[in-house]
> 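Mind having a look at this structure? Questions to follow.
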Amino acid sequence: MDNHSLYFNPNQNNETKPIHEPPKVFEKKAKFIMTKKDLVFTFIFVLLGFIISNFVIFNGLNLGFTVAFILLFLAATVYLFDSKVKVSLFSYLCGALSIAGSVTFALYDDLMMNAIMLFLVLALFTVYTCGLSATFRHRQGSFKMLVDVVGGVLISPFANSGDIALSYSKSFKKSKGIKNVIIGFAVSIPVLLIVIPLLKSSDAAFDGLVEHLLESLGEYIFQLLAALLISPVLVLYFVNKAKRLDVEKGAKASASFKGIFQPSATGTFLSVISVTYLVYLFSQLAYFFSAFSGILPQGYTFSASEYARRGFFEMFAICVINMIIITLCCLLTKKHKGKIQLPIKLLSLFILLFTTLILITAIAKMKLNIETYALSKNRLMVSVFMLMMIVVIVFYIIHLFAPKVSYMQPIIIICSAMFIALSYSNVDYQIAKYNVNAYTSGKIDTIDVDNLSNMSNGAVPYLIELADNDNHLISKQAKTAVLSKIEENFDVHFNTEDKTYFPIVECADNHDFRIYNKSKVDARKELDAFYNTLDKEQKANLITQFSFDEGGYFYDEEKDEYTTYSGEYEYYYVYDDKDDKYEYSGLREVTEDYYEEY
């Protein structure tokens, strides 16, 4: 036997095998497949990103927002709707309220209300899409649903962006049609670079169109950049909802929190708070019974104005603190068999009822405050929020003693409907109407014209009414405010040295629906009518007064004297021959009698 055969036995077929096989590479699989419907709606959502950029970002919160939102709402509804999913009435109501809220942007130009409405409309729309796509992990009647809503907007779409991008990549590789579209688009670019200059040279109309587009190129680039930021967010959000990536199949809602505080600790804490509130209630007897009058500070005299002014915002703060306290106590206290113990429920009930009493007292104070000092947006808004808080308390009490009853749904629907109804009332118009009527009827002694002038165009009709007021100081302030509104709405300037210059004010037809706003259109008509019914002398006096109030100066040839105005005083500057300049010489208080001279 050959000794070499003991150690070496070559392959009989003369085949060689590698000593080490290279590791196998496993390609990552996509978690889901993009269907034709997904790809079509991807294009639609990208297009909607461009529409939102053009209609809203660059044209403001007007009719353009309403149109863009309704288009987004319809696209989301068609894309997410699934006949197998049972959508709750609550979700449909949130969707309907979001549509109703979006219409207010076409009606009024109140910046503060529009800012709040923007948040509310988007929040209601988010709840609607969560219900439509069945992506709530928690019961919709609980406050935990808000966790699903916030997480579904801020966390889940971006957390799943890698899986979504991978699915798109796989779909594009398999789809020859998309590749061909991209190739065709790429090939068309160099051809257009040749054809467009030739078309420009051959036709004046096309040449003008291209020149106009080139002039607005910078704006279009910014719109494109904004769209490139908005479109991916829309795609990620809706694909995430359609594929239910934030709700794994068969996943159950997270287990209920067990709590960290013993009931005895929570009970002691709530008892101390309750005793404090009982002492407060005892102190209130001083206002109603003389036997308790010693509680009041020495020398205290009750007056309606003092009662209305003092402590209102502190009371409102106490109400907010109480709601936070009760919520945290119920959430963090350990439960017996999954239920809050009765003593804690009763203490919570007392604090909630005390909070309701405080709210009612605060509303009464606010009513008296408004009757005494007139209405303002802050007073109105706080009053509405207090009514909303009472709604929250009522359903919270129901939830305490009937935990299975849904409380979050009616709170969201009722409070949203209240605020949307407030928005439809044209807040600034109603505030101006109340204050002007209260002043002219003698219910209030003074009226803050500066406050009215800082409001939106809803206040314009009543500023014009005040311009003819018998009080010359009020009339002067109102006329100044009216001219400020004319400057704002017609892009003209009155504060010039040439007092013979009368800017042209006229309502030109604007066919751009994106910037249409009913309140602006109505205000422009009223301002147009007010200004153009004045003769030249009246316009000259009005513009002179406006320039005076806005910090302009006037030269008196007879006295060789300049006069400027600031606040409630006139400042005189007289020429000094020695220094060859005008020096400050004194001031004169501006009174109502002074304005009667003008």
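Note that this is a predicted model, so its numbers are computed, not measured. Reckoned from all heavy atoms, side chains included, excluding hydrogens, waters and symmetry mates.
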> To the nearest 0.5 Å, tell me how far Ile431 CD1 sits from Asn378 CG.
9.0 Å

> So which atom in Phe73 and which in Ser98 form the shortest heavy-atom distance, rounded to 0.1 Å?
CE1-OG, 3.8 Å

> Do you see a donor-acceptor pair shorter than 3.5 Å between the side chains of Tyr128 and Thr77?
yes

> What pairs with Asp522 under salt bridge (Lys or Arg N to Asp or Glu O under 4.0 Å), at least two apart in sequence or on another chain?
Lys518

> Between Glu465 (side chain only) and Val436 (backbone N and O only), is there a donor and an acceptor less than 3.5 Å apart?
no

> For Ser456 and Asp110, which heavy atoms make the closest approach, and how far apart are they?
CB-CA, 3.8 Å

> Can you tell me how far CD1 of Ile51 sits from CD1 of Ile230, rounded to the nearest 0.5 angstrom?
11.0 Å

> So which heavy atom on Ala481 is nearest to which on Ser453, and how close?
CB-CB, 3.4 Å

> Looking at every heavy atom in both Ile52 and Ala68, which two are closest together, and how far apart are they?
CG1-CB, 4.3 Å

> Do Ile414 and Met418 come close enough that some side-chain heavy atom pair is under 4.5 Å?
yes

> Kindly indicate whether the side chain of Asn114, heavy atoms from C-beta on, has any atom under 4.5 Å from the side chain of Phe65.
no

> If you define the side chain from C-beta out and look only at heavy atoms, does anything of Tyr396 sit under 4.5 Å from Ile411?
no

> Heavy atoms, side chains only, cut-off 4.5 Å: are Ser231 and Phe45 in contact?
no

> Evaluate side-chain contact (heavy atoms from CB on, under 4.5 Å) for Glu526 paired with Asn457, printing each intermediate quantity in order.
CA-CA 10 Å; Glu526 298 244 10; Asn457 281 314; over 6 Å; no

> So, applying side-chain hydrogen bond (donor to acceptor under 3.5 Å, both in side chains) with Arg514, which one of Asn54, Asn62, Thr66 is it?
Asn54

> Rounded to the nearest 0.5 Å, what separation is found between the CD1 atom of Ile413 and the CG atom of Leu93?
4.5 Å

> With a 6.0 Å cut-off on ring centres, are Phe125 and Phe69 close enough?
yes

> Take Tyr277 and Ile318, measure what side-chain contact (heavy atoms from CB on, under 4.5 Å) needs, and give me the verdict at the end.
CA-CA 11 Å; Tyr277 289 155; Ile318 289 172; 3.8 Å; yes

> A side-chain contact here means heavy atoms from C-beta on lying under 4.5 Å apart; do Asn471 and Leu466 qualify?
no

> So how far is it from Leu229 CG to Leu234 CG, rounded to the nearest 0.5 Å?
11.5 Å

> Are any of the side-chain heavy atoms of Lys377 and Asp428 separated by less than 4.5 Å?
yes

> How about Ile474 and Ile447: do any of their side-chain heavy atoms sit closer than 4.5 Å?
yes

> With sequence neighbours left out, write down each residue that passes side-chain hydrogen bond (donor to acceptor under 3.5 Å, both in side chains) with Arg524, or none if nothing qualifies.
none

> Can you confirm whether more than 12 heavy atoms, excluding those of Leu534, are under 6.0 Å from its CG atom?
yes

> Would you say Thr480's side chain and Lys476's backbone share a donor-acceptor pair under 3.5 angstrom?
yes

> Under 4.5 Å between any side-chain heavy atoms of Ile326 and Thr355, yes or no?
no

> Could you grab the distance from atom CE of Met389 to atom SG of Cys415, nearest 0.5 Å is fine?
10.0 Å

> Is there a donor-acceptor pair closer than 3.5 Å between any side-chain N or O of Asn532 and the backbone N or O of Asp528?
yes

> Run Met386 and Ile360 through side-chain contact (heavy atoms from CB on, under 4.5 Å) and show every step you take.
CA-CA 9 Å; Met386 286 192 296; Ile360 293 172; over 6 Å; no

> Would you confirm whether Thr104, through its side chain, and Ala100, through its main-chain N or O, come within 3.5 Å as a donor-acceptor pair?
no

> Please report the closest heavy-atom contact between Tyr439 and Asp445, naming both atoms and the distance.
CE1-O, 3.4 Å

> For residues Arg379 and Ala374, report the shortest heavy-atom separation together with the two atoms involved.
NH1-O, 2.7 Å

> Looking at Lys433, I'd like to know if its NZ atom is crowded, meaning that more than 12 non-hydrogen atoms belonging to other residues, nucleotides or ligands lie closer than 6.0 Å.
no

> Report yes if the distance between the aromatic ring centroids of Tyr429 and Tyr462 is under 6.0 Å, otherwise no.
yes

> Would a distance-only check, ignoring hydrogens and angles, find a side-chain to backbone donor-acceptor pair under 3.5 Å from Thr440 to Asn437?
yes

> Run Phe105 and Val121 through side-chain contact (heavy atoms from CB on, under 4.5 Å) and show every step you take.
CA-CA 11 Å; Phe105 293 93; Val121 166; 4.3 Å; yes

> If I take atom CG from residue Leu353 and atom CD1 from residue Ile358, how far apart are they, to the nearest 0.5 angstrom?
12.0 Å

> Counting only heavy atoms from other residues, nucleotides and ligands, does the tally under 6.0 Å from CG of Asp491 exceed 12?
no

